[in-house]
Amino acid sequence: MKRYDAIIIGAGHNGLTNAAYLAKAGLDVLVVEKNEYIGGAAVSRELHSGFTYSSCSYVCSMMRQAIHRDLNLTKHGLVLVPYLGSVAFGDDGSTLVSYPTEGAGYNQLRRYSPHDADSMFRFQADLTRYSQLIRKTLLRTPPDPTSFRPRDIREMLFLARQFWALGEKELYEYIRFFTMSAAEYLEDYFEDDLVKATMASPGIIGTALGVYSPGSAYILLHHVMGDVDGNIGAWGLARGGMGAISNAIAGALQEHGGEIRTNAGVRQILVKDGKAFGVALENGDELHARIVVSNLDAKRTFTQIMDKDDLPPGIYKKAKNFKIRGSSGKINIALSGLPKFTGVPDNRYVNRGGQTFVGSLETMERAYDCWKHGRWSDDPFIESVIPSAWDPTVAPPGQHWMSNFVQYCPSELADGPWTPEKRDQFGQTVIDKIERYSPGFKDLILHMEIRTPFEIEAEVGLTEGNIFQGELTIDQLLFNRPFPGYAQYRMPIKNMYMCGSSTHPGGGVSSACGANAAREILLDLRRPNTVPEDDFYDE
Amino acid sequence: MMKTEDRWAGERLKETHFHPREAALNLRDAWSSWNGYKFADYYYDTEYEYFCVRNSCGTYDICPMQKYEITGGDAEAMLNRMVTRNIVGMSENRVTYVCWCTDEGRMIDDGTIFKLGPEKFMLTCGSPCLAWLEKSVFGFGDVKFVDMSDKIAALSFQGPTTCAVLKKLGLKGIENLKPYNIKHFSFQGGKLMVSRTGFTGDLGYELWIAPKYALGLWDALYAAGEDFGIQPYGEAATNMARLEAGFIMPDMEFNEALKTVHFRYDQTPFGLNLGWLVDFKKPHFNGRRALLQERSKGPEYTLTKLDIEGNKPAEEATLYCDKRCTRQIGYVTSAMWSPVVKANIALAMIKTEYLQGDIWAEIYFGKELRQTRKVAKCTVQKKPFWAPARARATPPQAY
């Protein structure tokens with residue numbers, strides 16, 4: 001029976017990245033994927049003729065430029081296009097546009113509050129400083145703070161040096177920042193509620209926290225620390241949809257001789273004498289390998305595809321209690337034309353970026369209240385993007401598709417399980433809200449794909465449909481991710497590793513988790529490292 | 001109202017035939033100049049415009065480019081004597097890229113020759129070439145040339161969706177137009193000439209029409225392009241796209257020979273990697289003897305494509321053969337971070353004898369006003385940084 005060097009479970013972008021780097025190092029690797037298509041949550045799917053949805057993740061800023069460059073992903077078809085001109089909508093229909101020039105942004109903020117227009121400069125500087133620091137940890141393995149191995153000490157010193165370079169005052173601020181709520185953090189800068197609500201909204205995306213929940217300030221940072229071509233905070237679209245990212249990485253993997261097998265769901269990771277030696281597929285096949293890498297989330301890995309008895313004491317419980325709460329839904333809509341929004345000038349720049357329906361801090365908090373009580377928000381926060389306004393390849397000319405990310409939507413409803421009827425009601429709630437800001441919107445709808453946490457878990461395999469493979473709170477970040485003591489991609493079973501977003505640096509289409517895991521695996525196998533460093537250390 | 005005289009009229013730049021439409025879209029009032037014309041540096045955002053060229057489509061105003069109509073029984077012979085490439089036997093409705101040199105083999109300019117009839121050509125180039133043309137026709141009897149620069153409105157239309165837009169505009173069979181070929185269409189009562197040419201390395205066309213039809217063409221093109229991401233782009237985006245394609249730019253990669261002050265601070269085609277444009281098999285042409293010598297001796301500097309580590313553009317960087325920067329071997333002519341390739345790219349002139357060894361760039365960059373220096377390793381790249389298949393395919397595949 002053939003024995004691979006490595007089997008990677010799950011052909012999401014991190015699994016593919018991990019496999020590509022192992023293959024590049026000369027290993028014989030196989031990626032197994034339960035679906036008939038690859039990509040996991042970075043996927044493009046044509047569900048309505050002529051329209052290519054990015055079914056799950058829809059924009060990109062975390063993708064490691066160094067990996068894009070190193071794996072030659074452009075050659076494999078990946079082009080990332082930045083998009084501009086998002087508009088935030090307040091409850092009363094007021095709008096806040098994010099213009100690409102400082103001057104225009106300043107003039108607009110002054111209409112709301114001269115104080116806030118001024119304060120924005122300080123806010124951007126502070127956020128950039130935090131971002132630059134945390135960015136430096138992304139393509140590095142977190143050190144184990146309890147270890148005295150030279151490598152851990154070296155990495156701890158690296159981190160300490162970075163923090164120390166902030167200066168004493170900022171160091172205090174940084175520590176506060178990790179535990180604050182987004183709303184409280186913004187109080188220090190802004191007075192206008194729409195400005196605050198707009199700035200706070202990235203703090204709740206993908207997380208089961210509200211704008212007033214401690215920890216949401218870090219989520220805010222997680223969403224703005226990315227960049228497109230060095231422009232921190234900018235977001236990009238993958239030409240051809242997010243699947244173009246996964247497909248390009250798969251192309252690099254195959255170029256280096258790696259294999260991908262689809263329709264190959266894993267039933268169990270095979271373990272003998274405390275060592276992983278392969279996987280058993282759902283169809284009964286067994287595949288053997290020197291090492292097994294799981295790209296599934298920590299909860300799914302340890303509670304679904306491993307035998308409890310194979311695990312050391314405590315791990316099963318840790319995995320069971322791993323915080324991975326579903327909080328968001330996604331509605332993909334094919335439209336017969338470009339929607340127009342009340343109060344937004346109909347010009348080629350502003351009307352074509354994204355829309356965030358933030359309402360106000362209170363509206364967002366009330367939306368969270370619904371989630372706490374096991375209901376989807378009746379007045380949800382929605383972040384929309386119309387990729388087809390930028391990418392000519394994803395919809396027929398003149399027609400569009402709109403990605404709507406919705407907070408909040410629980411994975412379990414108080415009134416019993418999700419049903420197709422409830423799913424459609426959830427969708428109705430969302431399009432009703434959009435219609436309020438865009439009269440006539442509903443008449444444009446040609447097709448809708450409504451995804452609650454239930455669908456996301458069923459299709460992609462993310463537990464509870466949590467987009468980050470686990471909450472990004474301080475207890476589950478850096479050397480605590482997924483569990484304290486297991487943050488270096490090696491799992492409690494020998495020859496077994498994790499490479500998904502449940503590991504450092506967490507959620508987002510970054511390829512960093514997969515690449516970091518590959519670096520550790522190659523170290524264990526005494527192979528030369530093939531994983532590049534990030535390229536912005538002199539920023 | 002009393003008409004006041006514009007006291008600065010003499011200093012104001014001329015406006016191109018498309019100016020009224022472009023001015024409305026130039027939200028940043030970012031103008032520079034080209035050959036006396038007011039000319040957009042960018043309209044909205046350089047990177048946005050650059051991505052229109054790579055992702056959808058954009059128009060670039062080439063009215064200020066110099067255009068000369070050259071006619072007569074000796075037109076071909078005269079041009080063939082002037083440029084280094086052999087243009088005899090060129091088919092009608094074809095375009096070819098050429099350069100021309102001084103007697104010393106130093107490059108005066110590069111440009112394109114359009115063969116529009118058996119005895120009718122159009123020469124285009126970046127800088128005025130009138131005086132040189134007048135010299136070049138000396139001794140040729142049946143040749144006439146007219147400066148058409150102001151009499152032709154021209155728009156470069158570049159990007160993956162251009163073919164689809166032109167089809168929507170009603171240009172039948174445009175998808176069958178091959179690179180460097182020309183096709184003529186009737187348009188709103190006038191004649192529209194379309195060549196599949198451009199300066200971006202991507203799929204693209206250039207549209208040529210009489211000035212009175214210019215705004216009509218613009219409006220029709222923008223109406224057709226509305227759903228295909230059409231956007232005007234300026235000099236800044238052009239410069240990004242052409243660098244990725246590996247194309248040279250006057251005042252960046254080469255000094256025009258007739259404007260060069262210092263001895264041999266101008267270039268030969270061989271030094272600019274344009275040896276393929278020089279045809280020694282054809283009859284005598286300007287600079288032939290000097291170029292023969294240059295070929296056998298090899299150029300002192302050779303234009304080289306570099307992939308540079310890190311992400312700091314090596315603008316105006318000096319190149320060395322060692323990391324300690326003790327021996328200077330060349331200089332960077334153009335550099336940028338390539339958003340589409342995700343690489344730190346540059347064109348550089350490097351002393352030919354050092355091309356095989358290590359190349360290091362000494363890069364200076366500002367970090368919140370403080371100048372910082374870094375030395376980065378360079379890798380020579382043979383092929384253009386960006387050369388998508390659609391740029392050559394006929395018909396170009398769906399964007």
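Below, chains carry the letters A, B, ... as their sequence lines are ordered, and counting in each starts from 1.
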Less than 4.0 angstrom from a charged side-chain N to a carboxylate O is my criterion; do [X] and [Y] meet it?
{"X": "B/Lys374", "Y": "B/Glu362", "result": "no"}
{"X": "B/Asp202", "Y": "B/Arg54", "result": "yes"}
{"X": "B/Glu206", "Y": "B/Arg196", "result": "no"}

Original post:
Considering heavy atoms only, which positions within residues 235-245 of chain A lie below 4.5 Å of chain B?
Top reply: A/Arg239
Which value, rounded to the nearest 0.5 Å, describes the distance between [X] atom [atom1] and [Y] atom [atom2]?
{"X": "A/Met120", "Y": "A/Leu127", "atom1": "CE", "atom2": "CG", "result": "10.0 Å"}
{"X": "A/Ser510", "Y": "A/Met225", "atom1": "OG", "atom2": "CE", "result": "8.5 Å"}
{"X": "A/Asn529", "Y": "A/Lys24", "atom1": "CG", "atom2": "NZ", "result": "9.5 Å"}
{"X": "B/Thr162", "Y": "B/Arg390", "atom1": "OG1", "atom2": "CZ", "result": "9.0 Å"}

Subject >> Within 45° cone and under 6.0 Å: A/Arg140 NZ/CZ vs A/Phe158 ring >> reply: yes
Original post:
Does NZ or CZ of B/Arg28 fall inside the cone over B/Tyr44's six-membered ring, less than 6.0 Å from its centre and within 45° of the axis?
Top reply: yes
Under 3.5 Å: donor-acceptor pair, side chain of [X], backbone of [Y]:
{"X": "A/Ser388", "Y": "A/Trp401", "value": "yes"}
{"X": "A/Asp229", "Y": "B/Ser338", "value": "no"}
{"X": "A/Glu170", "Y": "A/Leu166", "value": "no"}

With a 4.5 angstrom heavy-atom cut-off, could you sort out which part of [X] is near chain A: side chain, backbone, both or neither?
{"X": "B/Asp307", "value": "side chain"}
{"X": "B/Lys168", "value": "neither"}
{"X": "B/Pro388", "value": "neither"}
{"X": "B/Tyr399", "value": "both"}

Subject >> residues 220-239 of chain B: residues contacting chain A (heavy atom under 4.5 Å, by number) >> reply: B/Tyr222, B/Glu226, B/Asp227, B/Phe228, B/Ile230, B/Gln231
Original post:
What part of A/Asn231 lies closer than 4.5 angstrom to a heavy atom of chain B: side chain, backbone, both or neither?
Top reply: side chain
Subject >> Option in A/Leu78, A/Val81, A/Val79, A/Leu73 with maximal non-hydrogen atom pairs under 4.5 Å from chain B >> reply: A/Val81
